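Just so you know, these numbers come straight off a predicted model, no measurement behind them.
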Amino acid sequence: MSTRSTLLAAFGPRVQIRDAIPVRDGSAERVSLRRLAGADLDTVAAARALVRRHLPAKAAHAVMTELFDTGEAYIEVPKVESLDRLIAELSELGIEARKHGPDAISVRSVREALQLSQAQFALRFGLEEATVKNWEQGKSKPNATARALIWTIHRHPEAVMDALGTRASMMGETASSAVRQPVPATQS
């Protein structure tokens, strides 16, 4: 008996995940994955679904391992033809999938709520004035990092000003009192 047939008898057929037909087009999506409570988790079929969307097999395996071990995982899927279709497909496999990342936000609304001009807004929050103008005029859109910053400004403008050291000058304090000393790392 050959080694191959012995292994086949002992462990069953090798799992193939590259046999799925890949999606032809789509856009990248950041997705958070969680195990559905009480559902059977089919990691092999889920890995196939991710590989079909152009995620390398090794990365799909790593995500499924993380999901199995911790109950959650985060991933950027290279080609998602329909986010709703991916969510439904993974749901059938025992995985709750959600778009991960900040939603679109109106920079103009945030700026106007703070009663700042474009120049003041840009200066206060460490942005380029031309970038703020382009966002507001629809010439460009904030990337995920910028959207996270805009959402933070919207919800907690004082925290952003504190982090950037611009709050002291806004509140009439001296520049020297606005400088924050780094917090020393504690030894574990």
Could you report the tightest heavy-atom contact between Leu114 and Pro157, atom names first, then the distance? CD2-CG, 3.9 Å
Test side-chain hydrogen bond (donor to acceptor under 3.5 Å, both in side chains) applied to Ser106 - qualifying residues, sequence neighbours left out: Ser109
Contacts of type side-chain contact (heavy atoms from CB on, under 4.5 Å), residue Ser27, not counting sequence neighbours: Glu29
Enter the distance from Glu66:CD to Leu33:CG here, rounded to the nearest 0.5 Å. 9.0 Å
Taking only residues two or more places apart in sequence, or in another chain, which ones meet His156 in a side-chain contact (heavy atoms from CB on, under 4.5 Å)? Glu158, Ala159
Output all residues satisfying side-chain contact (heavy atoms from CB on, under 4.5 Å) with Leu149, sequence neighbours left out; order by chain, then residue number. Leu127, Ile153, Val160
Check Gly126 against Leu164 and note the closest heavy-atom contact, atom names and distance. N-CD1, 4.1 Å
Partner set under side-chain hydrogen bond (donor to acceptor under 3.5 Å, both in side chains) for Ser82, not counting sequence neighbours: none
NE2 on His61 to CZ on Phe68, rounded to 0.5 Å: 11.0 Å
Taking distance alone, no hydrogens or angles, what donor-acceptor pairs closer than 3.5 Å link side-chain atoms of residues 94-104 to residues at least two apart or in another chain?
unit_1 : atom_1 : unit_2 : atom_2 : d
Glu96  : OE2    : Arg98  : NE     : 2.9
Glu96  : OE2    : Arg98  : NH2    : 2.9

What pairs meet the side chain to side chain donor-acceptor pair (under 3.5 Å) rule with one or both residues in residues 34-43, with sequence neighbours excluded? Arg34-Glu72
Could you tell me whether a side-chain N or O of His54 sits under 3.5 Å from a main-chain N or O of Val23, the two making a donor and an acceptor? yes
Could you see if Val51 belongs to whatever hydrophobic cluster contains Leu83? Use Ile, Leu, Val, Met, Phe, Trp, Tyr and a side-chain cutoff under 4.5 Å. no
Taking Arg52 for its side chain and Ile21 for its backbone only, find out whether a donor-acceptor pair lies under 3.5 Å. yes
Might you work through the side-chain contact (heavy atoms from CB on, under 4.5 Å) test for Phe125 and Leu116, ending with a clear yes or no? CA-CA 11 Å; Phe125 296 110; Leu116 297 172; 4.1 Å; yes
Sorted by chain and number, sequence neighbours left out, salt bridge (Lys or Arg N to Asp or Glu O under 4.0 Å) with Glu129 holds for Lys133
Excluding sequence neighbours, so at least two apart, what forms side-chain contact (heavy atoms from CB on, under 4.5 Å) with Ser91? Leu36
Tell me, yes or no, whether the heavy-atom count around Asp69 atom CG, taken from other residues, nucleotides or ligands under 6.0 Å, exceeds 12. yes
Could you please spell out the steps behind the side-chain contact (heavy atoms from CB on, under 4.5 Å) verdict for Ile150 and Trp135? CA-CA 11 Å; Ile150 301 301; Trp135 288 341; 4.0 Å; yes
Partners of Glu81 by salt bridge (Lys or Arg N to Asp or Glu O under 4.0 Å), sequence neighbours excluded? Arg53, Arg85
Sorted by chain and number, sequence neighbours left out, salt bridge (Lys or Arg N to Asp or Glu O under 4.0 Å) with Arg111 holds for Glu136
Sorted by chain and residue number, the side-chain hydrogen bond (donor to acceptor under 3.5 Å, both in side chains) partners of Glu128 (sequence neighbours excluded) come out as none
